[in-house]
Number of protein chains: 2
Amino acid sequence: MEQILPHLDSVFSIDCVLFGFDGKELKILLIERNEEPFKDWWALPGNIVGPDESLDQSASRILYELTGLRGIFMEQYYAFGDPHRHPQGRVITLAYYALIRLGGDKELRPISTYAKRANWLPITDLPKLAFDHQKIYDKGLEKIKRRIKHQPIAFELLPEKFTLTQLQHVYELVLGKKLDKRNFRKKIVSFGVLKELDEKQKGVSYRAATLYRFDKRKYAKLFGKEISF
Amino acid sequence: MEQILPHLDSVFSIDCVLFGFDGKELKILLIERNEEPFKDWWALPGNIVGPDESLDQSASRILYELTGLRGIFMEQYYAFGDPHRHPQGRVITLAYYALIRLGGDKELRPISTYAKRANWLPITDLPKLAFDHQKIYDKGLEKIKRRIKHQPIAFELLPEKFTLTQLQHVYELVLGKKLDKRNFRKKIVSFGVLKELDEKQKGVSYRAATLYRFDKRKYAKLFGKEISF
DNA sequence: AATATAGTGTGTATTTTTTACACTAAGTAA
DNA sequence: TTACTTAGTGTAAAAAATACACACTATATT
């Protein structure tokens with residue numbers, strides 16, 4: 001985030017690529033800037049790292065301030081530091097991504113002051129982004145594509161209880177390709193990190209699917225072993 | 001690198017984990033500090049990012065200043081920013097790793113002023129490191145372990161012409177486990193990124209092995225396809 | 001010249017994993 | 001009761017991974 005520029009030689013900030021899933025589409029959170037440079041442009045939410053916080057703490061704080069969310073899986077993935085990436089001075093930024101389940105119960109808190117508004121926009125139809133934020137986003141998407149093949153991050157995008165079809169949908173969206181239903185189920189179940197519940201989907205006008213839950217305990221036991229899509 | 005501390009709110013530096021291979025062992029480059037804090041301790045080489053250089057440029061410059069080497073594959077892998085990682089102030093550091101072939105033709109340039117001396121030390125027997133440098137190193141090793149399975153970085157550790165046995169040796173050292181000779185050869189050859197030369201190893205007192213070269217052209221064509229160990 | 005030594009280089013059978021592919025079952029809505 | 005929509009399941013074929021042992025060749029030694 002670059003809207004505040006104290007007169008320093010260099011500024012260190014964090015920008016977040018927040019991937020959200022509403023059950024249908026993958027979206028990211030963008031803000032519409034209210035200040036120069038790039039006034040009226042869409043940009044990734046971010047902020048400056050405080051003097052007494054660690055990087056992860058800072059990222060959590062920023063996420064909280066922008067969305068009201070806590071306890072979300074976040075991870076740094078790349079530092080961007082081109083000397084000219086910000087027109088007004090040297091700003092090195094560390095990019096984090098987070099995966100968030102949208103809709104349903106909690107509504108996201110409105111975004112703070114420095115932006116006109118914030119919006120979840122589908123990644124299939126993004127506007128031009130301020131600064132080098134397109135690059136930051138691109139690298140973030142690339143990252144989660146690789147990551148979702150080896151780590152159980154897909155669950156972060158889903159409600160606690162979900163169906164296998166929903167899970168497959170997430171994988172297909174992130175990876176950008178169709179997967180075979182039977183093979184997907186065979187594989188994901190074989191990892192042994194899902195707990196089948198005694199519950200069924202509700203409110204659908206067709207046969208209700210069985211609900212599953214991600215089993216952190218079992219996953220912890222697997223640690224070290226690679227899972228792979 | 002933290003030996004210079006201008007009176008700023010925060011400093012942004014780069015630290016390098018330089019992995020070297022001399023044909024026998026994996027080593028990393030360490031310097032012995034000549035200043036407080038951590039005077040006389042071993043530390044990773046690093047330096048402060050200049051105002052007009054990109055992060056990658058800065059890393060290349062630092063590598064060059066410390067070793068005289070150019071054109072080495074380097075990559076950033078993690079930012080460390082605990083507010084107390086440096087006893088004298090806030091220093092956020094970005095870690096890079098590089099892979100370097102040791103010995104043979106070029107001798108490394110002596111290290112610059114701020115260290116008593118620099119040395120390549122085998123990773124199997126490292127001293128206590130200054131600051132959080134052990135953590136930085138650990139994460140770097142982890143990184144190249146994962147990376148070597150999917151990217152052709154092993155070649156950076158070897159001379160231009162190498163034998164398959166040498167290549168296997170590098171994989172075994174990095175991954176920390178023995179590999180089967182026949183299976184290794186089958187697999188690595190099947191990737192199609194090696195060019196078999198009409199040349200044999202020289203100066204050995206046993207049957208000389210065929211030399212190979214990494215074929216960047218062929219590798220470029222593969223791009224997008226995953227290779228995997 | 002014969003022999004010892006040390007690393008090179010190769011093939012196959014078995015197991016495991018991946019892929020391709022289509023129908024019946026269950027629940028809801030009309 | 002029928003039509004509709006998604007859930008849920010198995011198998012055969014292909015590909016990839018693994019386990020495994022011996023003959024070859026260049027040099028050094030006697």
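What you see is a predicted model, and the numbers here were worked out from it, not measured in a lab.
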Quick one: NZ on A/Lys24 to CG on A/Leu26, what's the gap to the nearest 0.5 Å?
-> 14.0 Å

side-chain contact (heavy atoms from CB on, under 4.5 Å) with B/Ser190: which residues, sequence neighbours excluded?
-> none

If the plane angle is over 60° it's perpendicular, under 30° parallel, otherwise tilted; pick one for B/Phe38 and B/Trp41.
-> perpendicular

Pull out every protein N or O sitting under 3.5 Å from an N or O of nucleotides 14-16 of chain D, one pair per line with the distance.
none

Pull out every residue in residues 176-186 of chain A that has a heavy atom closer than 4.0 Å to any atom of DNA chain C, ordered by number, or say none.
-> A/Asp180, A/Arg182, A/Asn183, A/Lys186

Please list, in 5' to 3' order, the outermost nucleotides of DNA chain C lying under 4.0 Å from any heavy atom of chain B.
-> C/dA6 to C/dT12

Under 30°, 30 to 60°, or over 60°: which ring-plane class applies to B/His133 and B/Phe131, parallel, tilted or perpendicular?
-> tilted

What residues in residues 151-173 of chain A put a non-hydrogen atom under 4.0 Å from any atom of DNA chain C?
-> none

side-chain contact (heavy atoms from CB on, under 4.5 Å) against B/Lys187, all qualifying residues, sequence neighbours excluded | B/Phe191, B/Phe229

Can you name the side-chain contact (heavy atoms from CB on, under 4.5 Å) partners of B/Pro159, sequence neighbours left out?
-> B/Arg101

State, with a plain yes or no, whether a side-chain heavy atom of B/Tyr96 is found less than 4.5 Å away from one of B/Val17.
-> no

Residues passing the side-chain hydrogen bond (donor to acceptor under 3.5 Å, both in side chains) test with B/Tyr97, sequence neighbours excluded, are none

Spatial distance of atom CG (A/Asp198) from atom NZ (A/Lys200) [nearest 0.5 Å] | 9.5 Å

Partners meeting side-chain hydrogen bond (donor to acceptor under 3.5 Å, both in side chains) with A/Tyr206 (sequence neighbours left out) | none

Positions of residues 201-214 of chain B (non-hydrogen atom under 4.0 Å from DNA chain C), listed by number = B/Tyr206, B/Arg207, B/Ala209, B/Thr210

Got a sec, which pairs hit side chain to side chain donor-acceptor pair (under 3.5 Å) with one end in residues 168-177 of chain A, sequence neighbours left out?
-> A/Gln168-A/Glu172

Quick one: list whatever passes side-chain contact (heavy atoms from CB on, under 4.5 Å) with B/Asp180, sequence neighbours left out.
-> B/Arg182, B/Asn183

Does the pair B/Leu63 and B/Met74 meet the rule for a side-chain contact (heavy atoms from CB on, under 4.5 Å), with working shown?
-> CA-CA 9 Å; B/Leu63 177 65; B/Met74 284 188 88; 3.7 Å; yes

Within 45° of the six-membered ring axis of B/Tyr64 and under 6.0 Å from that ring's centre, is NZ or CZ of B/Arg70 located there?
-> yes

Is any side-chain heavy atom of B/Pro45 closer than 4.5 Å to a side-chain heavy atom of B/Leu29?
-> yes

